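Counting convention: from 1, in listed order, for ligands and their atoms alike. Computed from a prediction, not measured in an experiment: that's the story for all the values here.
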Amino acid sequence: MSRLLDRLQGEIAALDAQSLRRRRHIAETACAPEQTLTLAGTAAPRTMLCFSSNDYLGLAAHPALAEAWAEGAALYGTGSGGSHLILGHSRAHALLEDKLADWMSPHIPEARSLFFCTGYMANLAVLSALGGADAVIFSESLNHASLIDGARLAKARVERYAHCDVAALDAQLAACNAPVKLIVSDAVFSMDGHLAPVAELLALAERHDAWLVIDDAHGFGVLGSTGRGVLQALGLRSERLVLVGTLGKAAGVSGAFVAAHRTVIDYLVQRARPYIFTTAAPPAVAHALLASLALIEGEEGARRRARLQARIAQLRQGLQAVLPADGSAWLAPSPTAIQPLVLGDNARAMRVAARLDARGLRVGAIRPPTVPAGTARLRIALSASHGEADVARLVEAVGDALGESLGEPSARPSQAEREAA
Ligand SMILES: *Cc1c(COP(=O)(O)O)cnc(C)c1O
């Protein structure tokens, strides 16, 4: 027993020594651009302007959703009482699945949907259930951890393909004679913000008799004229599509869904262990999500998507103007709410993040191994609830921090950094 504890403590100490130990901050208030946080290792809460949430439409603290949540709890109670196959499947869950199937029906013939407690579980479910022993999973190399873990759980053989490399994938598929082939990709890459070549991937799926599993965690609610996500944005339609959408990001609540041809969904109900062997999410969550979908597809959703686009354009224009001319910091091309400012080495990324921190701005600094070595970055996440002044404040602070940190030896932290540390 104590040997196990010693071992774990040793590993934690090693992480600490490499500045890789993760610590949790405590949010004292609801998710919003201005949030009161008790930062790890500090005692006093601070109110900060945050650019790091996945709440892209600013719905996570919307009063209409809190009201729907309360109404759902009054109607159905707090707990579902069981798994979906043993009476935990409420009318609210069924209505939500019908609505999502309806949303995806222009893109997937005979679409049905299945609601999951989380996107992580949905990805485990899809890949472990469809990726049987006779299948091969073709996995995009920048895929989200939940897709990687789903592929590990599957009995299928897994082949990675190089990031967005359609030609390489084409050759890999051509060389494969497995009866079941699954191409698996994020729609929007979570550390980069750019889109996968989804239309090209679908063409490959058609050509090679494969399925295309798309994880639209960062596109659902944001992309497409009424927020239905990447399939709507690109106008795609095929019965080979299996779409995973998450409902804890732009939709502002929690959970996820899989949309696919009804035979695929029927099969998942029979075989997907992360669906079968878990307690159904509270029906109130599904009830609140119905209200969220109504907002997303209505005028309010359209207004919020337009606001988000305006902030994205403002940020990109503003940052381009303050970036150093030597190209030592660059804004990756991204049309989405995820805007990575690549700074290169880890120390510089941490230094810039600390400068922002000292000015009351929170932006995630992402380092290897989450991103490739030499591409440490600030991952700026925008939301429709950011105001023009918020983005202006960030642009100014980034410009100042980059100006100050150029050519400065990395070993000497400033007063502000020492205070923020
Ligand atoms: C967040 C995320 C998930 C997991 O969804 P949760 O509902 O948070 O479990 C899956 N895939 C991608 C690409 C994500 O960004």
Extract all donor-acceptor atom pairs below 3.5 Å that involve side chains of residues 168-181 and protein atoms in other chains or at least two apart in sequence.
{"residue": "Asp170", "atom": "OD1", "partner": "Arg207", "partner atom": "NH1", "Å": "3.3"}
{"residue": "Asp170", "atom": "OD1", "partner": "His208", "partner atom": "NE2", "Å": "2.5"}
{"residue": "Asp170", "atom": "OD2", "partner": "Arg207", "partner atom": "NH1", "Å": "3.2"}
{"residue": "Gln172", "atom": "NE2", "partner": "Glu159", "partner atom": "OE1", "Å": "3.0"}
{"residue": "Gln172", "atom": "NE2", "partner": "Arg160", "partner atom": "O", "Å": "3.0"}
{"residue": "Lys181", "atom": "NZ", "partner": "Leu173", "partner atom": "O", "Å": "3.4"}
{"residue": "Lys181", "atom": "NZ", "partner": "Cys176", "partner atom": "O", "Å": "2.9"}

Which pairs would a plain distance check flag for residues 362-374, meaning a side-chain donor or acceptor within less than 3.5 Å of a matching protein atom at least two apart in sequence or in another chain?
{"residue": "Arg362", "atom": "NH1", "partner": "Asp357", "partner atom": "OD2", "Å": "2.9"}
{"residue": "Arg362", "atom": "NH2", "partner": "His25", "partner atom": "NE2", "Å": "3.3"}
{"residue": "Arg367", "atom": "NH1", "partner": "Ser19", "partner atom": "O", "Å": "3.1"}

| said: I need the full list of salt bridge (charged side-chain N to carboxylate O under 4.0 Å, His left out) pairs touching residues 250-269, with sequence neighbours left out, sorted by first then second residue. | reply: Glu110-Arg262
Return a table of N or O atom pairs, ligand 1 on one side and protein on the other, at distances under 3.5 Å, rounded to 0.1 Å.
{"residue": "ligand 1", "atom": "7 (O)", "partner": "Gly119", "partner atom": "N", "Å": "2.7"}
{"residue": "ligand 1", "atom": "9 (O)", "partner": "Gly119", "partner atom": "N", "Å": "3.1"}
{"residue": "ligand 1", "atom": "9 (O)", "partner": "Tyr120", "partner atom": "N", "Å": "2.9"}
{"residue": "ligand 1", "atom": "11 (N)", "partner": "His144", "partner atom": "ND1", "Å": "3.4"}
{"residue": "ligand 1", "atom": "11 (N)", "partner": "Asp215", "partner atom": "OD2", "Å": "2.5"}
{"residue": "ligand 1", "atom": "15 (O)", "partner": "His218", "partner atom": "NE2", "Å": "2.7"}
{"residue": "ligand 1", "atom": "15 (O)", "partner": "Lys249", "partner atom": "NZ", "Å": "2.5"}

| request: Over 60° means perpendicular and under 30° means parallel, so classify the ring planes of His163 and His194, tilted if in between. | output: tilted
| query | Do Glu140 and Val184 have side chains that get closer than 4.5 Å, going by heavy atoms? | reply | no
| said: Between Val166 and Tyr161, is there a side-chain heavy-atom distance shorter than 4.5 Å? | reply: no
